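What you see below is based on every heavy atom in this structure, not just the backbone, and it leaves out hydrogens, waters and symmetry mates. All values reported here derive from a predicted model rather than from experimental measurement. Here is the naming used below: chain letters follow the sequence lines, and residue numbers restart at 1 for every chain.
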2 protein chains.
Amino acid sequence: MPETWASSGVDLHLDRTGPRVRADLEGQLREAVRSGRLVPGLRLPSSRSLAADLGVARNTVVDVYGQLVAEGWLVARQGSVTRVATRVPAAEAVPAPAGAPRRLRYDLRPGSPDVAAFPRSRWLAAARRALGTAPAEAFGEAPDARGRPELHEALAGYLARARGVRVSPDRIVVCSGFTQGLGLICRALRGRGATTLAVEAYGLPHLRGIAAEHGLRTRALPVDEGGAVLDGTGAAAMLDAAAGLDAAAGLDTAGGLDGADAALLTPAHQFPLGGVLGPERRSRAIDWAARTGGLLIEDDYDGEFRYDRQPVGAMQALAPENVIYAGTASKSLAPGLRLGWLVVPAHLVDEVAAAKAGADRHSSSFDQLTLAEFLTSGAYDRQVRRSRLAYRHRRDHLVAAVRRHAPQARVTGIAAGLHALLELPAGLDEDEIIARAAEHHDLALNGLRSYSPAAGADRPALVIGYATPPEHAFTGAVARLMAVLTQALRNPG
Amino acid sequence: MPETWASSGVDLHLDRTGPRVRADLEGQLREAVRSGRLVPGLRLPSSRSLAADLGVARNTVVDVYGQLVAEGWLVARQGSVTRVATRVPAAEAVPAPAGAPRRLRYDLRPGSPDVAAFPRSRWLAAARRALGTAPAEAFGEAPDARGRPELHEALAGYLARARGVRVSPDRIVVCSGFTQGLGLICRALRGRGATTLAVEAYGLPHLRGIAAEHGLRTRALPVDEGGAVLDGTGAAAMLDAAAGLDAAAGLDTAGGLDGADAALLTPAHQFPLGGVLGPERRSRAIDWAARTGGLLIEDDYDGEFRYDRQPVGAMQALAPENVIYAGTASKSLAPGLRLGWLVVPAHLVDEVAAAKAGADRHSSSFDQLTLAEFLTSGAYDRQVRRSRLAYRHRRDHLVAAVRRHAPQARVTGIAAGLHALLELPAGLDEDEIIARAAEHHDLALNGLRSYSPAAGADRPALVIGYATPPEHAFTGAVARLMAVLTQALRNPG
């Protein structure tokens, strides 16, 4: 690298007596990397020598380096030098994928647990134990696309206990997260002649795309504060406009489940509106499935996380032969692990397994064995318990902050999971608020409209992922959200 | 479990003075589990107490338990009891997937490295180092479906150096093995309007299925001792019959590459015939691609393993904008890791990345970071070097054994990789030999016919995977192969 720290001419101005020395240093270093002043791969001074140069405490530099490593601007090799990352947004040779966010300092978008809290050493310890006892064949071509028997057994025990799922090990297909899992289900359905998947009118946008890729049409199920509306009436106020717009967009919402071959639901905690599917609607769905032979897909992405009562058991238990139960480690552990599982009715499991084999043979044996050990040792339970406590506190903090600083807004949905709906007064513009948050507050937000292809603008809301920020940044993120809301409420135009 | 060791009534008869005490004990225990006499989950006596009961050395029992754990009949938890596995072939609740082999003691089928030699503690050490320095965001939803930048950089450096690939990190898409990789390529091709993929007439059967699943027709390229025949003449004797049968089966072999949108080749070491694609044919393929805009897919599954000379560099280097280079850790490390990579021309990388995102978002971050560390630390190079030496010796041993015991048979193909073709005298029946090997010699074999949908019976051959057996079982496997061949050559009917 022709450039060195010295020749880069980066000039750090620090008010060493001020209270924000660390934040200043961090901000200036970050900007120096972002702007390209410090080139990719450049070697930074040791924390000791930079601290000496700047006249600050060595720990200050250590903390700043650590934060910038966590954010991806710098890379550190254990016991070695710290360098500017070779892949920083400004130096991308290929344009970032469409939709990839500009790197903002604070992030309250849903979809992720606090990844800084991923229990690395416990995961590694589980990996060590798993590797120590795994048979050699565990590393070969797996004979069974459904996955490792060790994981099937551990999951069967866990799911029965923690979610009330009715499951035997041979009904489980391990997949690389829910995206792949849904794809496998769609392929199996298509193979049976299915044509139509009913999906909740508000939900993750890419899920419709997965169905479409596999040749399935989608129809929208209206959603209200009680989850998916399954009686074909679509009565709630939030939906009428949505239903009209859905129809205009070609999404048929009349008739609920009728005419669909399968339905994708989030019964424990509707994403993103936040309601829980009550007993009556669950029965209605089960009756439909039994009557028509239709299949229900229960996306139980955060079912272990309930803060106001014991978690409601899985819907699958009501009719194991009509429901595919889908779970994931993405929220309880980390999305990066790509670990998900399907509990499949006996009459469908071979087809789903065959779809898995055709997709990528089987999931990583290493990760499966590690997860099996993590479950068996109780570490998974402990992690869920820890996270549940932390996220509950965060939700409470968010609710209290909104009550105090922006009482015209309302946090709705059950006290559960890693996200909540923040309803805004009519007249506010989601997009404006999101833009302002990014531009002026370094805060990333998602609005409700991004979760429905035809959502109207009359019920603006934000979908707040309170689990996303690292612990040290959470209250700061909420403070910035309050600042944005306060500003917007003062100037609603 | 109602059953105990004592109540199972398993009666082990051992001639404690004989030379085969260990083999006897192993055989009897294996049979007791296979037959269900020892039920799934049953707790076995400690090695110390069983040895005392039987009057044999404790190490004998330890070795037997270890072997049966490695074979999957027993499971052992570190520092804890040994139990009968809960998933044993006899106890399968769901029929094993079609094609799953009966569990034979010796295995010379190709497709796997020696998984007993997978360097577990080195892999774990790399995982520990990787986890120690990974930024928190590495565990979140990856912003880049192509994979982790750490792995891109490590692979780019390695591939350029070891295989002569022309590559920058942003051209790499990490995938879950070659099965998924080919699927992504097919999806990207289909998105561009491609209709036809040319595949080698002899090759892995499921690859055609992948193309078909993605809406691509396949056409067969004839193959001879010099790899794929690309001049449209299909001259070699082995092919004429194949070409005729291919045509009969609807596989159009006339015209070589003409009319195809893409072609899948194994240039470094044709699988399964074993030839290397020479410079003239490589040029011909590159010319075709440049002339027609067609795409070449270079499946470099074992390119690092060449025993008679330095490995031939990747074909991709001749035309990086017309060739997708596909590599994998399946042969150098383990198939169970599900780690593969594609080096994609600039004009196609976004589409392949989008296909990856649609399939399963991205590959496991944990495995990617570990592989990156494994590569960067030099451990991967050392593992390849170790394996290369071991497999070279095994090939030499196989060749010598055939020369001595079954000289009418011939090992052909270049001295490379993890497999070799064992040509048999005309008149021998592949299927009979394979059946006899399984029934009488506990040996699993694959015949050449299983690698071509329309292969004739006039050139019988076995495809020998000499890397597959664990080290301690290799010479025994070869001895059994010699016994089978000797018998067949004596009684050719």
Considering only heavy atoms and a distance below 4.5 Å, find which of [options] pairs most often with chain B.
options: A:D367, A:D114, A:L337; answer: A:D367
options: A:G183, A:S168, A:A359, A:P470; answer: A:A359
options: A:A354, A:G140, A:A334; answer: A:G140
options: A:A346, A:G336, A:A116; answer: A:G336

*Determine which pairs satisfy side chain to side chain donor-acceptor pair (under 3.5 Å) with at least one residue from residues 351-360 of chain A, sequence neighbours left out, and list them in order.*
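Residue pairs with at least one partner in residues 351-360 of chain A: A:Q180-A:K356, A:Q180-A:D360, A:R192-A:E351, A:K356-A:D360, A:K356-A:S363.
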*Results of ring-ring contact (aromatic ring centres under 6.0 Å, His included) for A:F474 - residues two or more places apart only*: A:H397
*Specify whether B:F366 and A:W123 have parallel, tilted or perpendicular ring planes, treating 30° as the upper limit for parallel and 60° as the lower limit for perpendicular.*
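Rings of B:F366 and A:W123: perpendicular, over 60°.
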*Once the angle between the rings of A:F118 and B:F139 is folded into 0 to 90°, is it parallel (under 30°), tilted (30 to 60°) or perpendicular (over 60°)?*
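Aromatic pair A:F118/B:F139 classed parallel.
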*A:R109/B:E141 salt bridge by N-O under 4.0 Å criterion*: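 No salt bridge links B:E141 with A:R109.
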*Side-chain donor-acceptor pair under 3.5 Å between A:R361 and B:T179, yes or no?*
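Present: a donor and an acceptor within the cut-off.
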*So which part of A:H206 gets closer than 4.5 Å to some heavy atom of chain B, the side chain, the backbone, both or neither?*
side chain
*Select one option (side chain, backbone, both, neither) describing which atoms of A:Q368 are under 4.5 Å from chain B's heavy atoms.*
neither
*OG/A:S176 to CZ/B:R338 distance, rounded to the nearest 0.5 angstrom?*
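With rounding to 0.5 Å, OG (A:S176) is 10.0 Å from CZ (B:R338).
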*asked:* Within this structure, what is the CG-OG distance for the pair A:L339 and B:S364, rounded to the nearest 0.5 Å?
replied: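 Between A:L339 CG and B:S364 OG, I get 7.0 Å after rounding to 0.5 Å.
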*Between B:C175, B:P113, B:G177, B:A134, which shows the greatest number of heavy-atom pairs under 4.5 Å with chain A?*
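Looking at each of B:C175, B:P113, B:G177, B:A134 in turn, B:A134 comes out on top.
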*asked:* Is B:A127 in contact with chain A via its backbone, its side chain, both, or neither, using a 4.5 Å heavy-atom distance?
replied: both
*Mind listing the closest non-hydrogen atom pair of B:A136 and A:V115 along with its distance?*
O-CG2, 3.4 Å
